[in-house]
Amino acid sequence: MSAAPSSKDRPGPDSAWAPFAARVFRALWIAQLVSNIGSWMQTVGAQWLLIGHGAALVTLVQTASGLPVVLLALPSGVLADRYDRRTVLLAAQFAMLAVSTGLAVLAFVGALTPVLLLGLTFLLGCGTALMGPAWQAIQPELVERRRLAQAAALGAVNMNLARALGPALGGAVVAAAGAGWVFAFNAASYLGIAAVLLLWRRPSAQAPAVQGEKLLTALHAGRRYVWSAPGVRRVLLRTVLFIPGGAALWSLLPLVASRRLGLGSGGYGLLLGAVGVGAVGGAFVQPAVRRALGANGILAAGALVFAGVLAVLATVRIPWLAVVVLLPAGLAWIGVLSTLNAALQTRLPGWVRARALAVYLLVFQGGQSLTAPLWGALAGTLGLTVCLLAGSGVLLVGAVSVRRWPLHGTDAIDPTPSDHWPVPPLVFEPGPADGPVLVSVAYRVAPGSRAAFTDCMDHVARSRRRTGALTWGLYQDGNDADRFIENYLVASWSEHLAQHHSRLTATDRRYEERARRLLVEGTAPEVTHAFDAAAGPVLPETEKSADVASRALGPVD
């Protein structure tokens, strides 16, 4: 099964449905919809089984399913970068199939206690954590880069369409036949994604990005990249400022349905379905809204709409009015999440994509998981109305902060790999573990261009740190004012080779070229590579012989 879109009858570039032209994306989207419906049916069944055990246990369902992301997102990102992502996804699907089957069996025989239910929900969350970074990271392999925003929106549509159908179906099935059948459907739903993945053959060029790299080294490389990428950090900040307030809706909606509106499981499913319907409708207007408001306008407007929805839910006691109010919540949710996801996807190079996305999932899911029990505890002590209004206030703060901390633009970002550094001319061949390596680059800057050169090198510094530098510095020669020396330290020779051949991007190359245009005409940077003299690489045989001879002569007075 090929991932390439057909050239015939493609939707236009601004069409919300343009990514469906890619067959694998389309097939996976349909299979994921079935699986997401099963997951929402399972969530409704689990929450409704615990509704009589107190607000804290109900909100712990969300914690049990989301907490594994906090614990496992980063290692899962390394696995998705280190191994074939298709294989990682298949392993996650079959693991979740086994856990869901066990959950269904226990429910059918009447042996499903609250502790077992939360424990098995936690294991399903582990499967989701394993799957998340790999699933996000394959999106640029399925659709063109210019359509990643539409693909992210369709992913949100998928989740929200499932939210529109799954809870209603789950509530009806629980009421008619019991929770065991929703768990059984969820188990069967994993087979569709597994079938599509088994038929998909990834392009041979999509090799693991960190093959042979140790787990901790790969984790540090991912952390270093995120810390040295201001645009990525800003996406994470915007996520932090939206998710805690947004999580109040998902955490407290079961209590709104049962305590405030007097609804049963079917009515709760209807409320969730209203959010899903609003999200699906929002997909139709996403391209137009994006053109009108821009990314930052969508973030501010989405937070304001969500805040208004929570404020109304704090006072409304009429079920049909609550359904109407929840429709714009779905539109706001899909707008904010698709904007954040697309802003991140368009920035990331392939070598670190899964690890950086894992950090995003950690912030996103972790924010929901950690705030869910807090909202539940507050609802038990301060009351439901106070909690809903508090969530609204948090979102208002987030909306106002968009002006102070907006998303950075992505027009100048090109994550295409660029293998533009020449092979280092060394007199010996270092081993992969040899290091640390001190790389020095000497530049002769044109007179009058020194200030502009140092400004350009700020971008180069971030590039070096993103791709492996542990330390970086730029120095001006005290004997020659036009001579600047760049020094940076890399942990090992293999890390530096990764910089050369797989980590640099077209954006990194552009930053380097800007700085080099300010050099004296006809000159080129002079690069040297130095190793730790005490624990460095093995010296050439001739040098070893000379060293032995010098020691044989004894110390020199």
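What you see below is based on every heavy atom in this structure, not just the backbone, and it leaves out hydrogens, waters and symmetry mates.
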[X] side chain to [Y] backbone, donor-acceptor under 3.5 Å:
{"X": "Thr87", "Y": "Tyr83", "value": "no"}
{"X": "Arg82", "Y": "Gly77", "value": "no"}
{"X": "Arg86", "Y": "Trp200", "value": "yes"}
{"X": "Asn158", "Y": "Trp29", "value": "yes"}
{"X": "Ser76", "Y": "Ala129", "value": "yes"}
{"X": "Arg238", "Y": "Gly398", "value": "yes"}
{"X": "Gln139", "Y": "Trp135", "value": "yes"}
{"X": "Arg224", "Y": "Arg466", "value": "no"}
{"X": "Asn296", "Y": "Leu407", "value": "yes"}
{"X": "Ser189", "Y": "Asn186", "value": "yes"}

(message) Please determine whether side chain to side chain contact (heavy atoms under 4.5 Å, CB included) holds for the pair Leu117 and Thr121, giving the CA-CA distance in whole Å, both sets of side-chain angles, and the decisive distance to 0.1 Å.
(response) CA-CA 6 Å; Leu117 176 58; Thr121 301; 4.1 Å; yes
(message) Run Leu357 and Gln345 through side chain to side chain contact (heavy atoms under 4.5 Å, CB included) and show every step you take.
(response) CA-CA 8 Å; Leu357 286 165; Gln345 288 274 18; 4.0 Å; yes
Under 3.5 Å, is there a donor on one side chain and an acceptor on the other for [X] and [Y]?
{"X": "Arg290", "Y": "Thr339", "result": "no"}
{"X": "Glu512", "Y": "His459", "result": "no"}
{"X": "Thr505", "Y": "Asp508", "result": "yes"}
{"X": "Thr507", "Y": "Asp414", "result": "no"}
{"X": "Gln136", "Y": "Asn341", "result": "yes"}

Should [X] and [Y] count as side-chain neighbours, where that means a heavy-atom distance under 4.5 Å?
{"X": "Arg516", "Y": "Tyr511", "value": "no"}
{"X": "Met131", "Y": "Ile193", "value": "yes"}
{"X": "Leu120", "Y": "Leu106", "value": "yes"}
{"X": "Ser39", "Y": "Tyr190", "value": "yes"}
{"X": "Trp405", "Y": "Leu241", "value": "yes"}
{"X": "Pro406", "Y": "Arg234", "value": "yes"}
{"X": "Met41", "Y": "Phe183", "value": "no"}
{"X": "Leu72", "Y": "Leu130", "value": "no"}

(request) State whether Trp227 and Arg465 meet the cation-pi test: NZ (Lys) or CZ (Arg) under 6.0 Å from the six-membered ring centroid, and within 45° of the perpendicular axis. (result)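 Here Arg465 fails the 6.0 Å and 45° test against Trp227.
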(message) Ring of Trp472, cation from Arg464 - is the NZ or CZ under 6.0 Å from the centre and inside 45° of the axis?
(response)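 Not satisfied by the 6.0 Å and 45° rule.
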Closest non-hydrogen atom pair, [X] against [Y]:
{"X": "Val143", "Y": "Ala22", "result": "CG1-CB, 4.5 Å"}
{"X": "Ser418", "Y": "Ala506", "result": "CB-N, 3.8 Å"}
{"X": "Met96", "Y": "Leu124", "result": "O-CD2, 3.6 Å"}
{"X": "Ala221", "Y": "Arg503", "result": "CB-NH2, 4.2 Å"}
{"X": "Val359", "Y": "Leu236", "result": "CG1-CD1, 3.7 Å"}
{"X": "Leu28", "Y": "Leu197", "result": "CD2-CD2, 4.0 Å"}

(request) Assert yes or no for the condition that the ring centre distance of Trp250 to Trp375 is strictly below 6.0 Å. (result)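 No: the rings miss the under 6.0 Å criterion.
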(request) For this output row, return yes or no: ring centroids of Phe242 and Phe364 closer than 6.0 angstrom. (result)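 Between Phe364 and Phe242, which both carry aromatic rings, the centre distance is not below 6.0 Å.
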(request) Evaluate the ring planes of Trp421 and His500, with Trp represented by its six-membered ring, and classify them as parallel (under 30°), tilted (30 to 60°) or perpendicular (over 60°). (result)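 Perpendicular: the ring planes of Trp421 and His500 meet at over 60°.
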(message) Is the ring pair Phe531/Trp493 parallel, tilted or perpendicular, if the boundaries are 30 and 60 degrees?
(response)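 Aromatic pair Phe531/Trp493 classed tilted.
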(request) Show your working on side chain to side chain contact (heavy atoms under 4.5 Å, CB included) between Phe20 and Leu154 and close with a plain yes or no. (result) CA-CA 9 Å; Phe20 281 146; Leu154 287 174; 4.1 Å; yes
What's the spacing between [X] [atom1] and [Y] [atom2] if we round to 0.5 Å?
{"X": "Ser463", "Y": "Tyr488", "atom1": "OG", "atom2": "OH", "value": "8.5 Å"}
{"X": "Ile138", "Y": "Leu89", "atom1": "CD1", "atom2": "CG", "value": "5.5 Å"}
{"X": "Thr239", "Y": "Leu340", "atom1": "OG1", "atom2": "CG", "value": "4.5 Å"}
{"X": "Glu429", "Y": "Leu426", "atom1": "CD", "atom2": "CG", "value": "7.5 Å"}
{"X": "Tyr225", "Y": "Arg223", "atom1": "OH", "atom2": "CZ", "value": "14.5 Å"}
{"X": "Leu103", "Y": "Leu116", "atom1": "CG", "atom2": "CG", "value": "9.0 Å"}

(request) Using a cut-off of 6.0 Å, state whether more than 12 heavy atoms not belonging to Glu513 lie near its atom CD. (result)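 Check passes, neighbour count above 12.
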(request) Could you check His420 against Leu504 for side chain to side chain contact (heavy atoms under 4.5 Å, CB included), going step by step and ending with a plain yes or no? (result) CA-CA 8 Å; His420 59 273; Leu504 293 172; 3.7 Å; yes
(request) Among Glu495, Arg462, Gln499, find the residue that satisfies the side chain to side chain donor-acceptor pair (under 3.5 Å) test when tested with Thr467. (result)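 Testing each of Glu495, Arg462, Gln499 against Thr467, the sole residue satisfying side chain to side chain donor-acceptor pair (under 3.5 Å) is Gln499.
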